[in-house]
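Note sheet for the following structure.
Protein chains get the first letters and strands the later ones, always in sequence-line order, with residue 1 at the start of each.
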Protein chains: 2
Amino acid sequence: MKYSNQTRILVAVDCIIFGFDGTDYKLLLIQRGFAPEKEKWSLMGGFLAPDESLDEAAIRILNQLTGLHDVYMEQMQVFSKPDRDPVERTIAVAYVALIDIQKYMQQLNDSFHAKWFTIQNLPKMIFDHEEMVEMAKTRLRYKAAMHPILFELLPDKFTLPHLQAMYESLYDTKIDKRNFTRKVLSTNLLIKEDEKDKTNSKKGAFFYRLDKDKYEEEFQNVQNFIPRIEIPSSSE
Amino acid sequence: MKYSNQTRILVAVDCIIFGFDGTDYKLLLIQRGFAPEKEKWSLMGGFLAPDESLDEAAIRILNQLTGLHDVYMEQMQVFSKPDRDPVERTIAVAYVALIDIQKYMQQLNDSFHAKWFTIQNLPKMIFDHEEMVEMAKTRLRYKAAMHPILFELLPDKFTLPHLQAMYESLYDTKIDKRNFTRKVLSTNLLIKEDEKDKTNSKKGAFFYRLDKDKYEEEFQNVQNFIPRIEIPSSSE
DNA sequence: GCAAAAGTGTTCCCCATACACCCATGT
DNA sequence: ACATGGGTGTATGGGGAACACTTTTGC
């Protein structure tokens, strides 16, 4: 039995994939090799299959491109303007993924002609993908101000200056390192390693790693990572 | 031209409609008069039409039931388990609406057999609608702790005790009225009227109304309406 | 020995909380 | 006059922000 007289619609999933390279936020895009909008860049996307949920579809699509599993990903919003895809009426469910660029580098699937773009310098994209990215940036800023979500972008071992640079770059602000250190360590989410990272200084900065259990346990707690910032608007 | 070899899917819109009657939070449900799941209650829903966006569909569907325009409504999340609707594969985009019960009372469309339920005492619902409602409650608590969203549930004129009761009920807590008053008034979102509401006391409580312009301007600012509350988890 | 980044403590101020009494009015 | 809910001020403490010098080590 079916519902009669109703329109069935194509459902796409598009993944907005963020990374951080130590200095800048990056977005992973693929070059579209076919019409329409050949030459323009595109989010990694695909269509919802009959036997999978949207979350499963998003995981599948992300994995096709990056080879990664166990990536932080969440549903953002559906884009549904009737004419957003000129080929056919399609609605697109946008997912946001945060990945550690290092891991991706190792597992890249090159057949998609993917490329990282710094988010201040994005190319023309197809359809409404630019709008999706704008919303994702806004939400990331909104959410990261209150939840320790940016850890998803970090490698397993990272330094406090590295972490601080992520916040400073995301909010385009300078943060006092003493206050930042105190605030971050007071969450007890970080575990100090003995090892140091000497790539950025002669003295070297201690590595930390995330206390995974505590992180998951306390993820929802509202933190206050960013001082005095006008937290950007969000439709959430 | 069309995309070939892809599955088209039915797209539903379901509206989670909250109200507040001065004491309790309410949810507006309709009784399903047809199989499957006859007798159970349901969110107000409908299917996405070919020429409308999801936002438009949600507004249309809400209007059919309540007759209301200009209602606060936002997209929550898509529910997409392959077997969520036994009739046919359907994905459902859940929208959350906040309405002033008084206004609704005047404009109710009775042909849907709609009824308000207090949210502590909800009936069995069809499909995954209970899950949708749970998520909506969680998000409302999450968002209302930081944004002045609950004003959407209030009539044009309301009193401070009325407003306080909304917060106390939502978070199941007692709030000190002096601190609450100070905090709320410090937002400058409220305009005091000369008139008093005498329905709840002999002395009467002053009416306030919302400064609409300021409200829209500052909606995104992160406030801090709820003291010492464990803000409930949210997938946002 | 010097340049360049990492690490570390203290003071102050503001804001959030806790707390109790008087006011207005209908009965 | 009294009961009921409405309205108001103050004192205290904690946490966020501002702020500068020492340490390490590769060159």
Quick one: [X] [atom1] to [N] [atom2], roughly how many Å, whole number?
X	N	atom1	atom2	answer
A:Phe180	C:dG9	CZ	C1'	19 Å
B:Asp176	D:dT8	CG	P	14 Å
A:Gln223	D:dG15	CD	C1'	14 Å
B:Phe207	D:dG6	CZ	C1'	14 Å
B:Glu168	D:dG5	CD	P	14 Å
B:Lys177	C:dA18	NZ	P	16 Å
A:Ile175	D:dA18	CD1	P	11 Å
B:Asn179	D:dA11	CG	C1'	12 Å

Handout entry: Residue mapping more 5' on DNA chain D - nearest nucleotide basis, A:Arg178 or A:Gly204
Key =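 The residue whose closest nucleotide sits nearer the 5' end is A:Arg178.
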
Please tell me whether [X] and [Y] have a donor and an acceptor in their side chains that are separated by less than 3.5 angstrom.
X	Y	answer
A:Ser53	A:Asp55	no
B:Gln102	B:Tyr104	no
B:Asn63	B:Arg60	no
B:Tyr72	B:Glu74	yes
A:Gln77	A:Tyr95	no

Practice task
Establish whether the base of D:dG7 is bridged to the side chain of B:Arg182 by a donor-acceptor pair shorter than 3.5 Å.
Solution key: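 Counting by modelled atom types and ignoring angles, no donor-acceptor contact under 3.5 Å is found here.
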
Problem - B:Asp21 and B:Lys26 ion-paired at < 4.0 Å - result: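 B:Lys26 and B:Asp21: salt-bridged.
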
Handout entry: NZ/NE/NH1/NH2 to OD/OE distance under 4.0 Å, B:Glu131 and B:Lys81
Key =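 Here B:Glu131 pairs with B:Lys81 in a salt bridge, since their nearest N and O are under 4.0 Å apart.
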
Handout entry: Stacked cation flag B:Lys115 on B:Phe117, 6.0 angstrom / 45 deg
Key =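 Verdict for B:Phe117: a cation-pi partner in B:Lys115.
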
Practice task
Answer yes or no: are there more than 12 heavy-atom neighbours, outside B:Lys40 itself, under 6.0 Å from its atom NZ?
Solution key: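 Yes, because the 6.0 Å sphere around NZ of B:Lys40 holds more than 12 heavy atoms from other groups.
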
Practice task
Within residues 156-164 of chain A, find the residues that approach DNA chain D with a heavy atom at under 4.0 Å, and present them sorted by residue number.
Solution key: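 None, since no heavy atom is under 4.0 Å.
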
Practice task
Determine: side-chain N/O of B:Lys203 to OP1/OP2 of C:dC22, distance under 4.0 Å, yes or no.
Solution key: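 It does not, given that no N or O in the side chain of B:Lys203 lies less than 4.0 Å from OP1 or OP2 of C:dC22.
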
Problem - Interface residues of residues 192-202 of chain B with DNA chain C (non-hydrogen, below 4.0 angstrom) - result: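 Per residue number, the list reads B:Lys198, B:Lys202.
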
